[in-house]
2 protein chains.
Amino acid sequence: MPNLKSKITLKDIARELEVSISTVSKALKNSEEISRDTKEKIQAFARLYNYKPNNIAISLKNKRTKNIGVVIPDIVHHFFTTVIRGIEKYANAKGYNVIVCLSEESFDKEVINMEMLANGSIDGFIMSLSSETQAKGDYNHLREVTEQGIPVVLFDRITNEVECDKVVIDDQLGGYLATKKLVGQGKKKIALITTDDYLSVSKARTEGYKKALLESNLPVDESRILKLPTMDMDENKIRKFFNSQEIDAVMCVNEIFAVFSMRVALEQGFKIPEEISFIGFTNGLLSKYANPSLTVVAQHGERMGEISAQMLIDKVESENEEETFQTKILEPTLVVRDSTIN
Amino acid sequence: MPNLKSKITLKDIARELEVSISTVSKALKNSEEISRDTKEKIQAFARLYNYKPNNIAISLKNKRTKNIGVVIPDIVHHFFTTVIRGIEKYANAKGYNVIVCLSEESFDKEVINMEMLANGSIDGFIMSLSSETQAKGDYNHLREVTEQGIPVVLFDRITNEVECDKVVIDDQLGGYLATKKLVGQGKKKIALITTDDYLSVSKARTEGYKKALLESNLPVDESRILKLPTMDMDENKIRKFFNSQEIDAVMCVNEIFAVFSMRVALEQGFKIPEEISFIGFTNGLLSKYANPSLTVVAQHGERMGEISAQMLIDKVESENEEETFQTKILEPTLVVRDSTIN
DNA sequence: GTATATTACGAAAACGGTTTCGTGTTGATA
DNA sequence: TATCAACACGAAACCGTTTTCGTAATATAC
């Protein structure tokens, strides 16, 4: 550790000015208890030596850290970064810092991260479940935390098995809107590219997709549903999927699937959007700069982050004991670009 | 605040087991001073009631928070997210948490964030300067922090005016390599799309570009250099730029410029890469999924993050007083894709 | 002149740990 | 049996604040 011309403390000021620590503390808070003269002297001295109270000591005393723990599966996905930005924005305005932990889609990491933070480092959690956690269905780490009285806000990838505040977009509606949009353009053979079912969001989007088809009197054909792993998508699988089916539109549960499969379609000679249309989820850079640009269901990540932070901080700062939890559902919106007609 | 079945403390254990706090503390650390019997009793009790030491108290005592402050201009850019991931990975393995603050390219926010964290919340900073800070050239907030003995590691967007550890890629070499690659493909009229000069990285990349041209006996034509604002790129400007010049290759200082201008070129009927080649910086999702996929200079963000974290933690945990700073320069590498010939 | 209020400050506990040092008890040694 | 080391534990200081409560000194009231 380098040479610390370390920070000045209350004690230092007290010693230097020959008053007590309590007097210094009160003077710096402009307490009525202290005389004008003394206050001015102390404040001037503090300013001169650039006194700043030690956050850790204050945290210990108040049992409030003014830190928020954010645990998310991945940070490289555009959606999550926008959520973080939203959280940061609101939290910062309220004087809170954001501690970011990545579960990397691993259950164990999620647990470890939470334990690490739950021992006094943070006032509350904002989190989105890892896929492994959702697959496993084990939420004891969340319950332990909430039972300790640490507020938790779950966003996007949530579970009903934990009682806490939640923020989601209506993913089913998102899937529904997207599919309806395709139907409205005269598409009849609408495929779905999704992940495994255990991801709550994919499941809901799939439901919306099916609902829209049924409502439009179109058959739900399971062979038109392709499940892909999140990492390392297999180009051939998609190629075969496109070949074996007569497909005139595809809804994908994320940006990457959409952009990736669009390229495969282009390579196979399909015209987008005339012969085959595409809609994805997440209004990120990829969609915007893809070629053709991608029509998507926007998830409003930043708004989601702000709301999550607001719900959490409200709870953290609220006095009342009664536990009432709410689930906020945001409406997804369609951002129409060139991968769909007009 | 919800009902806290709040955490058990040393004091609680001591009271319950009728021993002193010191004994409990030592027993839980498996100290030789305490008898087997007592240790077992205490440890069993602690396990039963799931005792976890309070991080804040430990921080106050040790004057070590095990938190790292990361201040970056933006989190939605792929490069920065990969750096964060690298930092997180290394820091977590070492038992550190990562507090992320966004300056949003604003000098003031950068200063506020640093002040907020510098009062005991963190053991050190890892940061990349906001564009406003670089434009302004005011680094007093950094100096104040280092003078307090708080270690700082600057990465990517750095300055020579502050003495601290630094991690960068050789941006000049990156620009050089990219340009040479284009030259090697027989391109003679190589354009550059960049930002304003105050961004240290853009400047260096431009230098590399010029160096490569000169070395190849190609003229450096300033009219072939287009400066674009980071946000809201103007399509028409690019179109005019392409029209007014006879350009057979473009190097862009980031992914977005590259992908965006590629689309403009395609719309104008250019064939990529035969008639006009493109190279960008940052090996992100955009480059990978662009159409055509984009050849880029990879910045190895994750590695950069790991190294930054390592340098910082080394300094934080080092005992010796002598201040020696190093600058680590990573080599950029070319990732060749379809926007350049073969 | 005495009783009471007010002013201005300090002592000390508290937050939850760690760590140094002191000490009563035991057992071994001479 | 006196001496001493080893053992096992507790008291207390400390980290840097906040806050309650007590109290001397002064001012006010009667």
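Reminder, nothing fancy here: chain letters follow the sequence lines and each chain counts from 1.
Comment: B/Asp12 does not engage B/Lys7 in a salt bridge, judged by the lack of any side-chain N to carboxylate O separation of less than 4.0 angstrom. Using a 4.0 Å cut-off between charged nitrogen and carboxylate oxygen, A/Lys66 and A/Asp123 do not count as a salt-bridge pair.
Here the closest non-hydrogen pair linking B/Gly120 and B/Thr65 is O-CG2, 2.9 Å.
With rounding to whole Å, B/Glu18 atom CD is found 10 Å from D/dG10 atom P.
Considering only residues two or more places apart in sequence or on other chains, A/Glu144 meets the side chain to side chain contact (heavy atoms under 4.5 Å, CB included) condition with B/Asn50. Evaluation of the side chain to side chain contact (heavy atoms under 4.5 Å, CB included) rule for B/Lys89 yields B/Glu302, B/Glu306 as partners, not counting sequence neighbours. With sequence neighbours excluded, no residue forms a salt bridge (Lys or Arg N to Asp or Glu O under 4.0 Å) with A/Asp156. Residues satisfying the side chain to side chain contact (heavy atoms under 4.5 Å, CB included) test with A/Thr38, not counting sequence neighbours, are A/Thr23, A/Ile34, A/Ser35, A/Ile42. Every salt bridge (Lys or Arg N to Asp or Glu O under 4.0 Å) that B/Lys26 has, sequence neighbours left out, goes to B/Glu33. Listed by chain and number, the residues in a salt bridge (Lys or Arg N to Asp or Glu O under 4.0 Å) with A/Glu163 amount to none (sequence neighbours excluded).
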Distance-only donor-acceptor hits, side chain of residues 108-117 of chain A, under 3.5 Å, sequence neighbours excluded:
residue: A/Glu110; atom: OE1; partner: A/Ser130; partner atom: N; Å: 2.8
residue: A/Glu110; atom: OE1; partner: A/Ser130; partner atom: OG; Å: 3.3
residue: A/Glu110; atom: OE1; partner: A/Thr133; partner atom: OG1; Å: 3.2
residue: A/Glu110; atom: OE2; partner: A/Thr133; partner atom: OG1; Å: 3.1
residue: A/Glu110; atom: OE2; partner: A/His141; partner atom: NE2; Å: 2.8
residue: A/Asn113; atom: OD1; partner: B/Asn92; partner atom: ND2; Å: 3.1
residue: A/Asn113; atom: ND2; partner: A/Leu102; partner atom: O; Å: 3.1
residue: A/Asn113; atom: ND2; partner: A/Lys109; partner atom: O; Å: 3.1

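Listed in residue order, the members of residues 34-49 of chain A having a heavy atom less than 4.0 Å from DNA chain D come to none.
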Review item, nucleotides 25-27 of chain D N/O atoms under 3.5 Å of protein N/O:
none

For nucleotides 17-23 of chain D, print each protein N/O atom paired with a nucleotide N/O atom at under 3.5 Å, atom names and distance only.
residue: D/dT17; atom: OP1; partner: A/Tyr51; partner atom: OH; Å: 3.2
residue: D/dT17; atom: OP1; partner: A/Asn54; partner atom: N; Å: 3.2
residue: D/dT17; atom: OP2; partner: A/Leu10; partner atom: N; Å: 2.9
residue: D/dT17; atom: O5'; partner: A/Tyr51; partner atom: OH; Å: 3.0
residue: D/dT18; atom: OP1; partner: A/Lys29; partner atom: NZ; Å: 2.8
residue: D/dT18; atom: OP2; partner: A/Ser25; partner atom: OG; Å: 2.8
residue: D/dT18; atom: O2; partner: A/Lys61; partner atom: NZ; Å: 3.3
residue: D/dT20; atom: O4; partner: A/Lys26; partner atom: NZ; Å: 3.3

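If you walk DNA chain C from 5' to 3' and mark each nucleotide with an atom closer than 4.0 Å to a heavy atom of chain A, the marks span C/dA8 to C/dG16.
For the pair B/Phe107/B/Leu129, no side-chain contact is recorded, criterion being any heavy-atom separation below 4.5 Å from C-beta on.
If one axis is set at each end of the helix from C/dG1-D/dC30 to C/dA30-D/dT1 from five pairs, those axes are 70° apart, to 10°.
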